[in-house]
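First the structure, in the form of structure tokens, and then the observations on it.
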Amino acid sequence: MTDLVLSLDVTGRKEALRIAGACAPEIDAIKIGYPLALAAGLGIAGELAELGLPLIADFKVADIPNTNTLICEQVFAAGFSAVIAQGFPGPDSVTACVEAAHAHGGECYVVAEMSHPGALTFFSAGVPERLCEIVAETGADGIIAPATRPERVRALRALIGKKKILSPGIGAQGGDPAEIAPLVDGMIVGRAIYGAADAAAAARAYAPYRR
Ligand code: C5P
């Protein structure tokens, strides 16, 4: 099963609810992050959760364990079903997110490698591989890996086995859904859907890649 995750990076509450509502039948989950949460307030999570789709908090949580716990408690109290954390602060920081997520019946994903060109400055030379070890050590549910580099997704899949891979970078950043969908559990698509004149139709175009 390859899910289609709408990355809802719009900055207006009404626009977010309109696009999410229109796309809901065509998608499997919604991801929001700082752009929408800062613009509309965290209450938007509760409103989006009413659509009945899993809601992923892309706050790339990256602090000391105690602060990570406090952040994740707010995330899950707001209605999210999953949180995305950075792994570079170390296993104890990731564990804090995993424990908070699991205490609420939710999931925690760790960024293993980012999708933009500059990511290679630090997400290289064995770092993503070490981050996958942290995923295994901490019991995190999966990783975020770049659709812009399918060969890296294949390499990371070999390390994390059956844990989930969610993959951003399809569409606006150049990733090809036909190539990436068979490798991952979720395709994350933002601008190519929410930026289209007909967002629902743009989401529907990914139907052939949702297995
Ligand atoms: O608009 P686009 O499809 O490029 O959106 C991709 C989304 O995934 C954005 O919200 C971006 O912040 C996020 N993301 C990413 N690469 C990562 C992790 C998250 O592009 N490694």
Side-chain angles (χ1 to χ4, degrees), residues 1-40 43-60 78-84 106-107 109 111-116 141-154 156-157 162-211:
M1 190 56 195
T2 305
D3 288 341
L4 176 60
V5 181
L6 170 62
S7 184
L8 194 54
D9 296 321
V10 296
T11 52
R13 174 183 165 274
K14 280 190 180 162
E15 186 186 11
L17 294 174
R18 178 180 58 77
I19 292 172
C23 291
E26 319 293 343
I27 61 179
D28 303 290
I30 297 171
K31 175 178 88 65
I32 76 165
Y34 295 110
L36 182 57
L38 292 175
I44 189 71
E47 294 188 272
L48 290 169
E50 285 176 19
L51 291 169
L53 293 168
L55 190 62
I56 303 168
D58 186 1
F59 295 144
K60 299 188 180 68
F80 288 96
S81 48
V83 69
I84 297 175
E107 295 182 314
Y109 292 87
V111 179
E113 187 169 319
M114 296 189 76
S115 48
H116 60 303
D141 298 278
I143 62 169
I144 308 296
T148 47
R149 295 185 212 98
E151 74 288 357
R152 294 294 302 145
V153 175
R154 279 189 200 92
L156 297 178
R157 168 62 81 196
K162 291 200 164 99
K163 286 189 188 276
K164 292 185 196 169
I165 300 181
L166 303 185
S167 194
I170 294 165
Q173 297 182 60
D176 175 5
E179 187 171 12
I180 210 73
L183 306 175
V184 302
D185 302 277
M187 306 172 276
I188 298 176
V189 183
R191 285 165 286 180
I193 295 177
Y194 72 72
D198 184 341
R204 204 173 304 126
Y206 289 90
Y209 312 112
R210 288 166 78 195
R211 283 179 286 125

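One is the number of the first residue; the rest follow in order along the sequence.
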Could you tell me whether a side-chain N or O of Asp3 sits under 3.5 Å from a main-chain N or O of Val5, the two making a donor and an acceptor? no
Side-chain (Thr2) to main-chain (Ala181) donor-acceptor, under 3.5 angstrom: yes
Enter the distance from Ile19:CD1 to Asp9:CG here, rounded to the nearest 0.5 Å. 10.5 Å
In Å and rounded to the nearest 0.5 Å, what is the CZ to CZ distance from Arg154 to Arg149? 14.0 Å
When every non-hydrogen atom of Pro177 is compared with those of Pro182, the smallest separation belongs to O-CD, 4.3 Å
For the backbone of Leu55 and the side chain of Ser81, can you confirm whether one donor and one acceptor N or O come within less than 3.5 Å of each other? yes
Polar side-chain atom of Arg210 near backbone of Glu26 as donor-acceptor pair, under 3.5 Å: yes
What closest approach, in Å, do Thr11 and Pro35 show between heavy atoms, and which atom pair accounts for it? CG2-O, 3.6 Å
In short, Ile180 meets Ser167 closest at the heavy-atom pair CG1-OG, 3.8 Å
Mind checking what makes side chain to side chain contact (heavy atoms under 4.5 Å, CB included) contact with Ala205, not counting sequence neighbours? none
Could you walk me through whether Lys162 and Asp185 pass salt bridge (Lys or Arg N to Asp or Glu O under 4.0 Å), step by step? CA-CA 10 Å; Lys162 291 200 164 99; Asp185 302 277; over 6 Å; no
Are Ile44 and Arg13 side-chain neighbours, meaning at least one heavy-atom pair lies under 4.5 Å? yes
State, to 0.1 Å, how close Ala202 and Ala192 come at their nearest heavy-atom pair, and which atoms those are. CB-O, 3.5 Å
So, taking the atom named CZ in Phe80 and the one named NZ in Lys31, what distance separates them when rounded to the nearest 0.5 Å? 10.5 Å
Is there a donor-acceptor contact under 3.5 Å from the side chain of Asp28 to the main chain of Leu4? yes
Given 3.5 Å as the limit, does a donor-acceptor pair link the side chain of Tyr34 with the main chain of Phe59, or not? yes
Which heavy atom in Cys23 sits nearest to a heavy atom in Leu6, and how many Å separate them? CB-CD2, 4.2 Å
Passing candidate, side-chain contact (heavy atoms from CB on, under 4.5 Å) with Val153, options Val184, Thr148, Ile143: Val184
Any donor-acceptor pair under 3.5 Å from Arg157 side chain to Lys163 backbone: yes
Only one of Ile188, Ile84, Leu166 forms a side-chain contact (heavy atoms from CB on, under 4.5 Å) with Asp58, so which one is it? Ile84
Working to the nearest 0.5 Å, report the span between NZ of Lys14 and CD of Glu47. 11.0 Å
Test side-chain contact (heavy atoms from CB on, under 4.5 Å) on Ile170 and Tyr206; report intermediate values, then the result. CA-CA 10 Å; Ile170 294 165; Tyr206 289 90; 3.7 Å; yes
For Ser115 and Ala147, indicate whether the former's side chain and the latter's backbone hold a donor-acceptor pair under 3.5 Å. no
Exercise: identify the closest heavy-atom pair between Leu8 and Ala20: CD2-CB, 4.0 Å
Tell me, with the steps shown, if Leu48 and Leu36 meet side-chain contact (heavy atoms from CB on, under 4.5 Å). CA-CA 11 Å; Leu48 290 169; Leu36 182 57; 4.2 Å; yes
Between the CZ atom in Arg204 and the CD1 atom in Ile193, the distance rounded to the nearest 0.5 Å is 11.0 Å
